[in-house]
Amino acid sequence: MNILVVNWSWYPSGGDWTYVENAIKLYEEKGHHVVPFSMKDERNFPSAYSDYFIENIDYKKVNKRSLTAGIKVVMKSIYSFEAQRNLERLLDDVKIDFAHINVIHHYITPTILKILKKKNIPIIWTFHEYTPICPDSIFVSHGQVCERCYGGAFYNCITHSCKKGSYLASTVAALENYVHQYLNYYAYVDYYVCASVFQYEKYKQFNFFREKLVQIYHGYNYDEIDKAKLIAKQTDEKYIVFVGRLEKIKGIYTLLKAMQICTGISLKIVGDGTQEEELKVTKQTHQLNNITFLGKKNKQETLNIINGAEFLICPSECYEVLGFTVVEAMALSKPVIGAAIGAIPEMVIDNHTGLLFEPGNAGQLADKIKLLFEDRDMINQMGKNAHEHITRIINNETHFENLKKLIPSL
């Protein structure tokens with residue numbers, strides 16, 4: 001089969017790409033041919049189909065160049081005629097048996113669904129966020145969980161300036177949702193795949209095509225995990241680790257507050273983000289010499305750092321869809337201390353695969369860190385439980401078998 005895999009990026013860009021890359025390898029291992037459709041970018045992996053990709057969209061133009069250029073970018077991000085034309089050209093040249101959509105809002109846009117439907121191509125769409133029901137994609141407004149847009153009341157995004165705290169960006173985001181709600185191209189999708197029970201229930205709660213929603217945990221290729229396990233630890237130092245974007249919604253400020261209490265425990269922070277410098281100032285201000293910022297690392301380096309840690313901290317304060325960092329830590333037999341929010345409790349089973357705490361509660365987090373760090377037997381047992389649990393619910397074979405129920409010809 002020729003499988004069209006659609007994603008806004010064709011390079012490592014985050015959790016969405018981790019899933020897409022695994023899906024590509026899985027399809028190819030099963031004897032299928034993957035045809036990508038994406039956006040041009042110098043960071044993309046080479047592809048024989050890159051001539052069909054849409055031109056790169058530069059959102060910086062909205063703020064830094066002419067008003068006309070900004071308007072063109074905004075219009076493209078809502079309704080892409082270019083994506084329709086390019087996809088139609090691709091489908092004329094290559095027979096596609098079914099399409100697997102991933103992240104397309106703001107770049108490729110849902111307008112391509114019309115073209116796929118016209119060609120009678122079956123469509124499944126794996127959700128990696130919440131854009132169809134939340135203009136800001138993550139149910140966060142000014143650092144707090146927000147569900148004001150329930151029932152399609154997207155104007156709340158504008159009145160509360162939810163998108164980056166900007167009235168203009170929020171207006172564009174709300175307009176995009178209203179446009180796609182009106183066009184209703186979403187109806188052309190055969191199945192919407194939710195990566196967690198939490199995400200499935202949230203879309204169901206918001207009455208988004210309830211009859212087309214299915215819950216299938218992601219697949220994952222554990223080869224790199226196995227490789228990391230074979231590498232000897234670089235140091236005898238005992239430390240805990242955080243891996244992720246350095247943003248408030250990821251709970252990093254709560255973690256730093258907790259570390260003010262856990263002064264005798266070393267924390268390594270892997271990742272970068274818009275608040276990195278502010279966080280480093282916080283470290284200096286409170287003389288948190290037990291914290292080390294390592295910056296962004298590549299996949300194998302990150303896995304090696306996690307493998308050397310006692311356990312991982314996932315202090316998110318937003319509705320995590322799944323979280324591959326947690327998957328990878330648990331696959332490395334590391335317990336996880338996680339915030340009880342979003343899909344985290346589906347992986348972090350309290351007192352079994354790790355420990356849960358109330359999101360944003362630094363004192364409670366500190367107590368959990370000290371409790372686990374000082375108990376080697378608990379770390380070992382929870383690590384073993386974590387590995388068994390995560391490899392059971394998240395693996396390529398189970399994922400593929402569940403996809404076959406949606407696309408029997410797979």
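Since this is a predicted model, take the numbers as computed values, not measurements. Hydrogens, waters and symmetry mates are skipped; everything else that's a heavy atom, side chains included, is used.
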Please answer whether the main-chain N or O of [Y] pairs with a side-chain N or O of [X] as donor and acceptor at a distance below 3.5 Å.
X      : Y      : value
Tyr217 : Thr398 : no
Asn56  : Asp41  : no
Lys250 : Gly244 : no
Tyr222 : Asn395 : no
Ser316 : Gly251 : no
Asn307 : Ala228 : yes
Thr109 : His105 : no
His389 : Glu346 : yes
Thr254 : Ala362 : no
Gln275 : Lys248 : yes

What is the distance from atom [atom1] of [X] to atom [atom2] of [Y], rounded to the nearest 0.5 Å?
X      : Y      : atom1 : atom2 : value
Ile394 : Leu322 : CD1   : CG    : 4.5 Å
Ile24  : Tyr19  : CD1   : OH    : 10.5 Å
Arg148 : Cys162 : CZ    : SG    : 6.0 Å
Ile3   : Asp97  : CD1   : CG    : 8.0 Å
Glu374 : Ile369 : CD    : CD1   : 11.0 Å
Gln181 : Leu183 : CD    : CG    : 10.5 Å

Would you mind listing every ring-ring contact (aromatic ring centres under 6.0 Å, His included) that reaches into residues 319-351, with sequence neighbours excluded?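 Of all non-adjacent pairs touching residues 319-351, those that pass ring-ring contact (aromatic ring centres under 6.0 Å, His included) are Phe139-Tyr319, Phe198-Tyr319, His218-Phe324, Tyr220-Phe324.
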
Side chains of [X] and [Y] in contact at under 4.5 Å (non-hydrogen atoms):
X      : Y      : answer
Glu21  : Lys299 : no
Leu91  : Phe37  : no
Ser38  : Tyr107 : no
Cys314 : Ile344 : yes
Thr353 : Val336 : no
Ile261 : Lys370 : yes
Ile337 : Ile240 : no
Val145 : Ile341 : yes

Both conditions, 6.0 Å and 45 degrees, for the charged tip of Lys283 above the ring of Phe293: are they met here?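 Lys283 over Phe293 ring: no.
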
Between Phe357 and Lys368, is there a cation-pi geometry (under 6.0 Å to ring centre, at most 45° from the normal)?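 No - Lys368 does not lie over the ring of Phe357 by the 6.0 Å and 45° rule.
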
Non-hydrogen atoms of [X] and [Y] that approach each other most closely:
X      : Y      : result
Ile265 : Asn290 : O-ND2, 3.0 Å
Phe242 : Leu267 : N-CD1, 3.9 Å
Ser166 : Ala169 : OG-N, 3.1 Å

Determine whether Tyr203 and Phe127 satisfy the following criterion, ring-ring contact (aromatic ring centres under 6.0 Å, His included), listing intermediate values before the conclusion. CA-CA 10 Å; Tyr203 271 99; Phe127 281 143; 4.3 Å; yes

Check each of Glu276, Glu278, Gln284 against Lys280 using the side-chain hydrogen bond (donor to acceptor under 3.5 Å, both in side chains) test, and report the only one that passes.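 Exactly one pass, corresponding to Glu276.
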
Looking at [X], I want to see if its [atom1] is surrounded by more than 12 non-hydrogen atoms of other residues, nucleotides or ligands under 6.0 Å.
X      : atom1 : value
Lys163 : NZ    : yes
Lys229 : NZ    : yes
Phe209 : CZ    : yes
Lys384 : NZ    : no
Lys238 : NZ    : yes
Glu237 : CD    : yes

Check step by step if ring-ring contact (aromatic ring centres under 6.0 Å, His included) holds for Phe208 and Tyr186. CA-CA 9 Å; Phe208 184 86; Tyr186 292 133; 5.4 Å; yes

